[in-house]
Amino acid sequence: MTDVASLRSDLLAWYDARARTLPWRAPPGSGVRTDPYRVWLSEVMLQQTTVPHATPYFLSFTKRWPTVAALAAVDDGELMGAWAGLGYYARARNLLACARAVANDHDGVFPDTEAGLLALPGVGAYTAAAVAAIAFDRPANVVDGNVERVMARLFAVDTPLPGGKVELKRLAGTLVTDDRPGDWAQALMDLGATVCRPRSPLCLVCPVARHCQGLASGEPERFPVKGAKAPRPHRTGVAWVMRDGQGRVAVVRRPDKGLLGGMIGLPTSDWGEGPEVTDPVVADWRDAGAIEHVFTHFSLTLQVRVATAAAKDVIWLEEAEAMSALPTVFAKALVRAGGER
DNA sequence: CACGCGTGGTT
DNA sequence: TAACCAAGCGT
């Protein structure tokens, strides 16, 4: 009996009993609707980011900035520093732009429709649907990587990703109704995260196993089918740690666009060129070894060179302050140079 | 529409 | 350990 109604009631009953407790989530059936600001903030932080990694950032952000108006008033640099370590820094720039748009153009109130949310910076199809469903109880089709995987298995979809996304989204849409849309979206994502996992799915305890064509096929883990991925190139470069001898270190502000855009960084050579690199100023440079770092689309070996030196066109920061505000790749280099994150 | 864009945990 | 993976978005 794989009709929509029984599939829905099976999964919602499981969610009522087994929903994860998360700092941004109201318990199912509590009648409490989470503040749209918190739903939005959590959704942006969770884009391509695990719950354990995002959680401490969510807690510190909501403590420092309890409302969207408070967030909108923050300095750019302060916000980027607070985001350091969370990755995908365009999210932080868009987060601030979005908060300011809500504060200035919407009287501090989040739009309560999917279309209105979609118009905000950093809010795409997924986040608009998620906020509409979870914060405003709109029957939106919320499709993230979890939901794609659950649909691919439930309906044994053979079309490889990413081409198959259109079909998976259509299938997810057939299950959305006016009844408890926020809980439905979160139930699907919880199922994907804890039971219908990418590897070793727990089909024996799955509340919708009886509806699952992937399980019936005998190879549920085969879904979703994925296309070939491009190989990841390797690059090399040099990072210079310049100290002033009084506890400060030189950093630069990176351009707003591109890799680590808008963040502070250590002065570096270009990445990908040969090993011959000229040190930026005459000083007592010594080699502190190298660090390895893996970005989404390339890996990097960064040689770390250290000196006490003076330089122009840099910002001198207390070392502890720099350490906390630097993206991880540069924090690693600074640790290699003898600092502590 | 394919690509650029971080990081850390798991296998 | 190299590969894979995570509540995507903008261009």
Side-chain angles (χ1 to χ4, degrees), chain A residues 20 22-25 34 38-58 80 83-95 97-98 117-135 140-150 161-163 165-166 169 172 182 184-194 196-201 221 224 226-235 254-263 265 271 291-300 326-332 341:
Chain A
R20 288 179 291 175
L22 299 169
W24 46 84
R25 173 181 288 178
T34 303
R38 292 179 167 243
V39 176
W40 161 75
L41 180 61
S42 67
E43 292 299 343
V44 173
M45 287 183 167
L46 288 165
Q47 289 165 8
Q48 297 291 284
T49 304
T50 60
V51 166
H53 194 189
T55 295
Y57 287 85
F58 177 83
M80 299 309 285
W83 195 275
L86 198 48
Y88 283 136
Y89 298 98
R91 292 186 296 172
R93 300 194 301 275
N94 287 329
L95 189 84
C98 182
L117 290 159
L118 192 56
L120 295 169
V123 177
Y126 163 76
T127 303
V131 175
I134 297 168
N141 189 17
V142 181
V143 182
D144 70 339
N146 286 308
V147 177
E148 286 177 354
R149 183 172 58 257
V150 170
L161 295 180
K165 284 171 179 279
V166 175
K169 185 166 187 174
W184 174 252
Q186 295 180 91
L188 274 178
M189 292 191 283
D190 267 26
L191 186 75
T194 66
C196 197
R197 307 180 298 193
R199 283 171 291 190
S200 309
E221 203 169 344
K226 299 201 171 180
K229 54 269 168 202
R232 196 197 317 265
H234 185 262
R235 299 182 192 172
R254 298 176 60 86
D256 276 337
K257 301 204 171 197
L259 185 73
L260 308 173
M263 300 294 290
W271 298 347
I291 61 102
E292 301 290 333
H293 192 77
V294 181
F295 294 95
T296 306
H297 52 298
F298 67 96
S299 57
L300 175 69
L326 283 167
T328 298
V329 59
F330 294 123
K332 281 184 186 174
R341 173 81 133 171

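Model, not experiment: these values are computed from the prediction. Each chain gets a letter, A, B and so on, in the order its sequence line appears, and its residues count up from 1.
- Side chain of A/Pro198, nearest nucleotide from C/dC5, B/dG6, C/dC9: C/dC5.
- Listed nucleotides B/dT11, B/dG8, C/dG10 differ in distance to A/Asn94; the shortest reach to its side chain belongs to C/dG10.
- Looking at heavy-atom distances under 4.0 Å, A/Ser200 makes no contact with the nucleic acid at all.
- What separates CD of A/Gln47 from P of C/dG10 is a distance of 8 Å, to the nearest Å.
- Within 4.0 Å (heavy atoms only), A/Arg20 reaches at least one base atom of the nucleic acid.
- A/Gly261 comes within contact range of no nucleotide atom at all, as no heavy-atom separation falls under 4.0 Å.
- Judged by distance alone, with hydrogens and angles left aside, the side-chain atoms of A/Arg232 form no donor-acceptor pair with the main-chain N or O of A/Ser299 at under 3.5 Å.
- When heavy atoms are screened at a 4.0 angstrom cut-off, A/Gly258 is found touching the sugar-phosphate backbone but no base atom.
- Using a 4.0 Å heavy-atom criterion, one finds that A/Val329 contacts the sugar-phosphate atoms exclusively.
- A distance of 11.5 Å separates OG1 of A/Thr55 from OH of A/Tyr57, quoted to the nearest 0.5 Å.
- For the atom pair CG (A/Asn141) and NZ (A/Lys169), the distance works out to 6.0 Å, reported to the nearest 0.5 Å.
- A 3.5 Å limit on both hydrogen-bonding distances identifies B/dT7 as the Watson-Crick or G-U partner of C/dA6.
- Listed candidates were C/dA6, B/dC5, C/dC9. Nearest to the side chain of A/Tyr88 is B/dC5.
- In this structure, A/Glu292 atom CD and B/dT7 atom P are separated by 15 Å, rounded to whole Å.
- Take the nearest nucleotide of DNA chain C for A/Gln48 and for A/Lys257: the residue whose nucleotide is more 5' is A/Gln48.
- Nearer the 5' end of DNA chain C, as judged by each residue's closest nucleotide, is the contact made by A/Lys229, out of A/Arg25 and A/Lys229.
- Across the P atoms, C/dA7 and C/dT11 are found 25 Å apart, a figure rounded to whole Å.
- Between A/Phe58 and A/Trp24, the ring planes lie perpendicular to each other; the angle is over 60°, past the 30° to 60° tilted range.
- In the set B/dG6, C/dG8, C/dA7, B/dG6 carries the atom at the smallest distance from any side-chain atom of A/Leu259.
- In this model, the phosphate group of B/dG4 is not approached by any side-chain N or O of A/His297 to a distance below 4.0 Å at OP1 or OP2.
- A/Ala54 comes within contact range of no nucleotide atom at all, as no heavy-atom separation falls under 4.0 Å.
- Proximity of a side-chain donor or acceptor of A/Arg20 to a complementary backbone N or O of A/Ala193 within less than 3.5 Å is not detected.
- Base contact: A/Val294 has a heavy atom under 4.0 Å from a base atom.
- A 4.5 Å side-chain heavy-atom check between A/Asp190 and A/Asn146 finds every atom pair outside the cut-off.
- Nucleic acid contact class of A/Pro327 (heavy atoms, under 4.0 Å, all strands): sugar-phosphate only.
- Contact record, A/Gln47 with A/Thr127: NE2-OG1, 3.0 Å, taken as the closest heavy-atom pair.
- Nearest to the side chain of A/Asn146, among B/dT7, B/dT10, C/dA7, sits C/dA7.
- Nucleotide B/dG6 holds its C1' atom 14 Å from the CZ atom of A/Arg235, rounded to whole Å.
- Listed candidates were C/dA7, C/dC9, C/dC4. Nearest to the side chain of A/Arg199 is C/dC4.
- Considering only side-chain N and O atoms, A/Thr50 lies nowhere under 4.0 angstrom from the phosphate OP1 or OP2 of C/dA7.
- Whole-Å rounding puts the A/Trp83 CH2 to B/dG6 C1' distance at 11 Å.
- Looking at heavy-atom distances under 4.0 Å, A/Trp24 makes contact with a base.
- Whole-Å rounding puts the A/Arg232 CZ to C/dA2 P distance at 12 Å.
- Regarding contacts with the backbone of B/dG6, every side-chain N or O of A/His293 stays at 4.0 angstrom or more from both OP1 and OP2.
- As judged by a 4.0 angstrom heavy-atom cut-off over every strand, A/Thr328 is placed among residues touching the sugar-phosphate backbone only.
- A/Lys169 has its NZ atom 13 Å from the P atom of C/dG8, to the nearest Å.
- Whole-Å rounding puts the A/Arg91 CZ to C/dA7 C1' distance at 10 Å.
- Atom CZ in A/Arg254 sits 10.0 Å away from atom CE in A/Met263 (nearest 0.5 Å).
- Looking at heavy-atom distances under 4.0 Å, A/Leu260 makes contact with sugar-phosphate atoms alone, never a base.
- The nearest heavy atom of DNA chain B to A/Ala90 and to A/Pro52 marks one nucleotide each, and the one closer to the 5' end goes with A/Ala90.
- Considering only the side chain of A/Thr296, B/dC5 comes nearest among C/dA7, C/dG8, B/dC5.
- When the P atom of C/dC9 is taken as reference, atom CG of A/Leu118 falls 9 Å away, rounded to whole Å.
- Nucleic acid contact for A/Pro121: sugar-phosphate only, since backbone atoms but no base atoms lie under 4.0 Å from a heavy atom of the residue.
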